[in-house]
Amino acid sequence: MTGLALKGAISDHELEVLAEGGIVIENNLILATGNFDELKSEYPEADIQLLKGNHVCLPGFVDAHTHICFGGSRAKDYAMRNAGKSYLEIAHAGGGIWDTVTETRKASIEELTKNTIKRANRHLNNGTTTLEVKSGYGLTIDEELKMLRAIKEANEKALPELIATCLAAHMLPKDFKGSEKEYLKMISEELFPVLKEENLTHRIDAFIEQSAFSADDIQAYFTKASELDFDITVHADQFSTNGSKVAVDHKAISADHLEASTDTEIELLANSDTIAVALPGASIGLGYNFTPARKLLDAGAALAIASDHNPGSAPMGDLLTQASILGTFEKLTNAEVLAGITFRAAAALKLEDRGKLEAGLLADLAVFHSDNYQDILYNQGNLKPCMIWKNGELVFDRHKAP
Ligand SMILES: [Zn+2]
């Protein structure tokens, strides 16, 4: 990934593949990369771990958008949707986001923590060493705090690093007596200060959609978040446009979804510093069109790819499978897909210390048993990494796994 641009299309010729390579790790960081024999003579004191057979080492993956802290299951919604039931019919049968809110409120903080760790560690086994995790199934001050405290606690014990985001603006809770604006005002006045005090997150997200919040609803909320120095990210343009304009206007770090984006929104994003995040897992889960990733890249946008792992629309939660599939439908080069789940995804979380195999960056590595890097996307997620390093430590070794 070294030397690749943050924005725009990338051809596979631009990838710098190091044959007979080696990586020197000191503490949690990459000290040097290069030819194995040269590194060996340069660092004679190094404790050498030589991998037998051919392997490909990539930067550990970054999944910049997940909702893996939740209670319950939405298997029934999935079956109903595939049987042709409408959004409203599913909601009337007790399904939809509100079902997950009800189940998450019922769960104890210990249960939420345990389940988040379990799901995060499963992502690690698939090569993901950094995961963003959102709240947004609590939708009261106390319940949002419960979720964010569970995510903070899970981060202490999970193998990947978890980056928390407050998504209290996921939908207007059914039991709130008041308007969208009144709900958001309450959240910004009563929840934002506690997020700072307890250092629970520095990121604020909102779902801008007809079924959630309008661009007008969210103005004051995002202005307040910016004043308090929170980073902003947006669920934008999933079913209707508007969200990406709000994202760009508020200098959001990322605008995620974009399945409904037209040429206007694509231009807007391409001419901004906001990272466009495609969520193919949601398209696969809903049987819906993919984010126009090819058009975004050709227009010059920075494109990251994330799993959106959540109980409703994206239950699979396998980033590599989903990114590979997005690549086949959208005609993305290997370099573009791999950039989208490494350094471009890190940029969507404003993390400059990972996503490339480069001296000075975190030693987060995903190693695959393979002759050729092209095998990895070719196997569409079925070729799993055999070894994972997180912060310079070997945390997963499939050869030794039970
Ligand atoms: Zn989402």
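Order of appearance sets the numbers: ligands from 1, and atoms from 1 within every ligand.
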Review point. Is the closest basic N to carboxylate O distance between Lys251 and Asp273 below 4.0 Å?
Key: no
Review point. Under 6.0 Å between ring centres, would you say that holds for Phe213 and Phe207?
Key: no
Side-chain donor/acceptor pairs under 3.5 Å, residues 56-65, sequence neighbours excluded:
| residue | atom | partner | partner atom | Å |
| --- | --- | --- | --- | --- |
| Asp63 | OD1 | Ser307 | N | 2.9 |
| Asp63 | OD2 | Ser307 | OG | 2.6 |
| His65 | ND1 | Asp256 | OD2 | 2.8 |
| His65 | NE2 | His67 | NE2 | 3.2 |
| His65 | NE2 | His235 | NE2 | 3.1 |
| His65 | NE2 | Asp308 | OD1 | 3.1 |

Point to revise | Aromatic centroids of His250 and Phe222 separated by under 6.0 Å | key: yes
Exercise for review: Test side chain to side chain donor-acceptor pair (under 3.5 Å) on His257 and Glu209 and set out the steps.
Suggested key: CA-CA 11 Å; His257 271 299; Glu209 193 53 65; over 6 Å; no
Practice item. With the Zn ion (ligand 1) as the centre, enumerate protein N/O/S atoms below 2.8 Å in chain and residue order. Key: His65 NE2, His67 NE2, His235 NE2, Asp308 OD1
Check your understanding: Does NZ or CZ of Arg81 come closer than 6.0 Å to the centre of the six-membered ring of Tyr87, within 45° of the ring's axis?
Key -> no
